[in-house]
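Scroll down for the structure; my scribbles are underneath it.
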Protein chains: 2
Amino acid sequence: MKSTACTDCPTAKVASLLSDMWTMLIVRDLIKQPMRFNELMESLEGISTRTLTLKLKRLESLSIINKRELRYQLTPSGTRLAPVIAEMEKYGKKYL
Amino acid sequence: MKSTACTDCPTAKVASLLSDMWTMLIVRDLIKQPMRFNELMESLEGISTRTLTLKLKRLESLSIINKRELRYQLTPSGTRLAPVIAEMEKYGKKYL
DNA sequence: CAGGATCCCGCGGGATACTG
DNA sequence: CAGTATCCCGCGGGATCCTG
């Protein structure tokens, strides 16, 4: 978003980074292990090839993931999102 | 989303709950203190009254927030999202 | 000030078909 | 298998005006 608040609020930056469901779930999957396009398609039930392609490209452009030999994996920067996902998982397990 | 994966994955449930930017930022704000409609409007620069209304209603219906005397505040359940937001903030501060 | 009601537009994203 | 290319539709969400 282009709200000025987003420019300097760290939370807003992350919110913007992860601001759609598929993106969060891709990161969730890649934390566990590198995965191929097709494996992601199976894990993310309901996603279209188009959307998966677009989400992966965006995450690549943000240096959250990279692709090597047809496998997508988190970059060091992306790996550091793990605690965020972990907290989401904790909350989901306990309260949803 | 209606992916079957979402039904049982705790992370996906939270992803679904927080799956848009404004919602995350509303929670971020209300963690600090209860706020009025107008205060939220000022904090969330760029949001429209329509969207703020809708997001607040959705969060109410999910029992993440409630309204008392024109002030919105987190419920106990909503308060427990604080660690998630905190991790987002940490990441944003360090790496973005 | 705290919203509700309308109008309207863009784009996110599914479905499908095709290619290397 | 790993995408790319189109087509097309819904709805998310801004702008604006109105009310208690």
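A, B, ... follow the sequence lines: proteins, then strands. Residue 1 opens every chain. Keep in mind that the numbers below use all heavy atoms, side chains included, and drop hydrogens, waters and symmetry copies.
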Calculate the interatomic distance between [X] atom [atom1] and [N] atom [atom2]; express it in whole Å.
X: R71(B); N: dG3(C); atom1: CZ; atom2: P; answer: 12 Å
X: M41(A); N: dA2(D); atom1: CE; atom2: C1'; answer: 10 Å
X: E45(B); N: dA15(D); atom1: CD; atom2: P; answer: 13 Å
X: D20(B); N: dG14(D); atom1: CG; atom2: C1'; answer: 15 Å
X: L40(B); N: dC1(C); atom1: CG; atom2: P; answer: 14 Å
X: I26(A); N: dG3(D); atom1: CD1; atom2: C1'; answer: 14 Å
X: M21(B); N: dG12(C); atom1: CE; atom2: P; answer: 14 Å
X: R58(B); N: dG12(D); atom1: CZ; atom2: C1'; answer: 12 Å

Contact class for T53(B) vs. all strands (heavy atom < 4.0 Å): base, sugar-phosphate, or nothing?
sugar-phosphate
Side-chain donor/acceptor of Y91(B) to backbone N/O of P83(A), under 3.5 Å
no
Could you tell me whether the side chain of S61(B) and the main chain of R58(B) form a donor-acceptor pair under 3.5 Å?
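Pair found, side chain donor or acceptor close to backbone of R58(B).
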Looking at [N], I'd like to know if its phosphate oxygens (OP1 or OP2) sit under 4.0 Å from a side-chain N or O belonging to [X].
X: K57(A); N: dG3(D); result: no
X: R36(A); N: dC1(D); result: no
X: K55(A); N: dG12(C); result: no
X: K67(B); N: dA2(C); result: no
X: S48(B); N: dG14(D); result: yes

Nucleotide nearest L70(A) (side chain, heavy atoms from C-beta), chosen from dC1(C), dG3(C), dA2(D):
dA2(D)
Of all the nucleotides listed (dT16(D), dC1(C), dG3(D)), which has the minimum atom distance to the side chain of T49(B)?
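The nucleotide sitting nearest to the side chain is dT16(D).
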Tell me the ring pair (Phe, Tyr, Trp, His ring centres under 6.0 Å) pairs involving residues 29-54 of chain A, sequence neighbours left out?
none
Going by an N to O cut-off under 4.0 Å, is there a salt bridge joining E39(B) and R36(B)?
no
Answer yes when E87(B) and K90(B) have at least one side-chain N-carboxylate O distance shorter than 4.0 Å, and no when they do not.
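Looking at E87(B) and K90(B), the cut-off is met.
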Does L54(A) or E39(B) map to a spot on DNA chain C nearer the 5' end, using the closest nucleotide for each?
E39(B)
Both R50(A) and L56(A) contact DNA chain D. Taking the nearest nucleotide for each, which residue is further toward the 5' end?
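Comparing both residues, the 5'-ward one is L56(A).
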